[in-house]
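These notes are about the structure you will find just below.
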Amino acid sequence: MINTEGMIAQTAAKIYGDLCGREVPHEAEAGKYPQDLWDALSENGLPLAWVSENNGGFGADYDEVFGAIWASAQAASPVPFAETLIANWLLDQADLSPAEGSASFAILGGPNGGLPTADIPFGAHVDQIVMFDEALGEIALFDNLEAARIDMDALSPDGATRFVFSGHRAVSSAKTGLSQRGVEALILTVRAVQMAAAMEAALNLSIAYVSEREQFGRPLSKFQAIQQQLAVAASECAAATMAAAQAASSIAQHRDDPEKAWHEAVVAKVQIGHSVEAVTVPFHQVHGAMGYTQEYDLHHYTRRLWAWRDALGNEHRWSALLGEELSKGSPDHVWKGVTTGNWVDS
């Protein structure tokens with residue numbers, strides 16, 4: 001399971017409980033950014049949790065930080081906490097100082113009209129951008145306003161922005177030995193934890209709703225069809241949580257070489273991606289018309305689930321990549337990975 005009992009996780013949960021009530025995500029979509037929430041997270045040093053002490057952080061245990069990420073997703077937090085954690089982790093991998101303020105990350109993509117581009121989660125809100133370029137073996141920090149922007153449609157209320165990096169200077173940059181698979185492993189694991197947490201929150205909303213809402217003189221929860229839908233959704237949520245916990249455990253185990261956690265991260269991505277459709281449909285169905293209104297809380301979770309499912313490619317892309325790789329190995333190698341979690345020689 002995800003460690004939600006550690007000091008960092010408990011601190012994050014307290015902050016979100018105090019400053020991210022149900023009105024906050026609604027207000028954020030209307031254009032009111034919750035600066036006090038971000039300030040509280042920053043004042044407690046949480047965005048620096050994965051930064052080493054040498055670079056001004058406190059090198060926290062990975063599993064405790066995943067607990068804080070879990071709390072942020074359960075609160076439908078509209079601030080770039082997880083994104084800043086990832087960005088600062090990348091900078092630390094190149095022995096660079098952490099970002100000043102909020103940050104997001106970019107994996108340099110293919111050309112767009114001949115120019116290098118990247119899609120930035122929370123791109124409209126963050127102060128700085130950290131870019132990973134495997135071709136150059138480099139991590140670079142940019143001010144947000146330096147890059148040209150391309151508007152993008154986004155399922156998630158957090159949004160994403162496409163940036164064109166062309167000819168402007170980085171605030172700082174350095175070589176790194178980090179591989180793209182190592183970066184993918186961490187990002188996919190963070191998204192897996194967020195998705196599992198959002199699923200659980202949406203499940204709890206659904207259970208509470210059908211327990212309170214009555215039809216034909218009895219609660220909706222007494223109807224067998226409703227019970228069946230939520231039972232299936234609950235099993236998918238449990239599978240998602242276990243997959244996320246396994247990926248998080250693998251990252252913690254291989255913190256010095258995150259590429260070794262790539263397989264577990266991809267498995268979690270695939271499992272949870274498939275679970276998204278299996279849970280979001282019944283969640284909205286059991287709510288009836290209420291589940292499709294802007295004023296109700298459910299969409300803050302389901303829209304993020306749909307967006308996170310597509311982040312870095314959906315489960316079909318990752319299934320193909322994983323299957324292609326494993327098909328080149330022996331059945332014994334695959335069995336070892338499935339049963340022990342050791343997909344590579346340690």
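- Using bins of under 30°, 30° to 60° and over 60° for the plane-to-plane angle, the ring pair Y296/H287 lands in the tilted bin.
- A donor-acceptor contact shorter than 3.5 Å is absent between the side chain of S173 and the backbone of A170.
- Side-chain contact between F105 and I129: absent, with no pair of heavy atoms (C-beta onward) separated by less than 4.5 Å.
- Residue K175 qualifies as enclosed at atom NZ: its count of foreign heavy atoms under 6.0 Å is above 12.
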Can you check side chain to side chain donor-acceptor pair (under 3.5 Å) on S250 and E264, steps first, answer last? CA-CA 7 Å; S250 185; E264 295 292 349; 5.5 Å; no
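- Considering only residues two or more places apart in sequence or on other chains, A28 meets the side-chain contact (heavy atoms from CB on, under 4.5 Å) condition with P34, P78.
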Pair T11-N44, side chain to side chain donor-acceptor pair (under 3.5 Å): steps then yes or no: CA-CA 8 Å; T11 300; N44 283 272; 5.6 Å; no
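- Between the side chains of Q253 and S249, not a single donor N or O lies within less than 3.5 Å of an accepting N or O.
- You'll find the ring centres of H299 and H284 outside the 6.0 Å limit.
- Aromatic rings from W50 and F66 are positioned such that their centres are separated by under 6.0 Å.
- Residue pairs meeting the salt bridge (charged side-chain N to carboxylate O under 4.0 Å, His left out) criterion with at least one partner in residues 317-331, sequence neighbours excluded, are R181-E325.
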Give the intermediate values and the outcome of side chain to side chain contact (heavy atoms under 4.5 Å, CB included) for residues W318 and E315. CA-CA 5 Å; W318 290 102; E315 65 274 17; 5.8 Å; no
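- Looking only at side-chain heavy atoms (C-beta outward), Q10 and K14 stay at 4.5 Å or farther from each other.
- Qualifying ring-ring contact (aromatic ring centres under 6.0 Å, His included) partners for H274, counting only residues two or more places apart in sequence or in other chains: H316.
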Decide side chain to side chain donor-acceptor pair (under 3.5 Å) for S52 and D92; before the verdict, give the C-alpha distance in whole Å, the side-chain angles of both, and the deciding distance to 0.1 Å. CA-CA 7 Å; S52 63; D92 196 55; 2.9 Å; yes
Steps toward side chain to side chain donor-acceptor pair (under 3.5 Å) verdict (T176, Q93): CA-CA 7 Å; T176 179; Q93 297 299 306; 5.7 Å; no
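- In E100, the CD atom is not crowded: 12 or fewer heavy atoms of neighbouring residues, nucleotides or ligands sit closer than 6.0 Å.
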Report the C-alpha distance between R303 and E29 in whole Å, list the side-chain angles of each, state the deciding distance to 0.1 Å, and finish with yes or no for salt bridge (charged side-chain N to carboxylate O under 4.0 Å, His left out). CA-CA 12 Å; R303 288 166 62 201; E29 285 209 58; 3.0 Å; yes
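- For the pair T302 (side chain) and T280 (backbone), a donor-acceptor distance under 3.5 Å is absent.
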Determine, step by step, whether F283 and Y301 satisfy the side chain to side chain contact (heavy atoms under 4.5 Å, CB included) criterion, reporting the C-alpha distance in whole Å, the side-chain angles of both residues, the deciding distance to 0.1 Å, and the verdict. CA-CA 10 Å; F283 288 160; Y301 299 105; over 6 Å; no
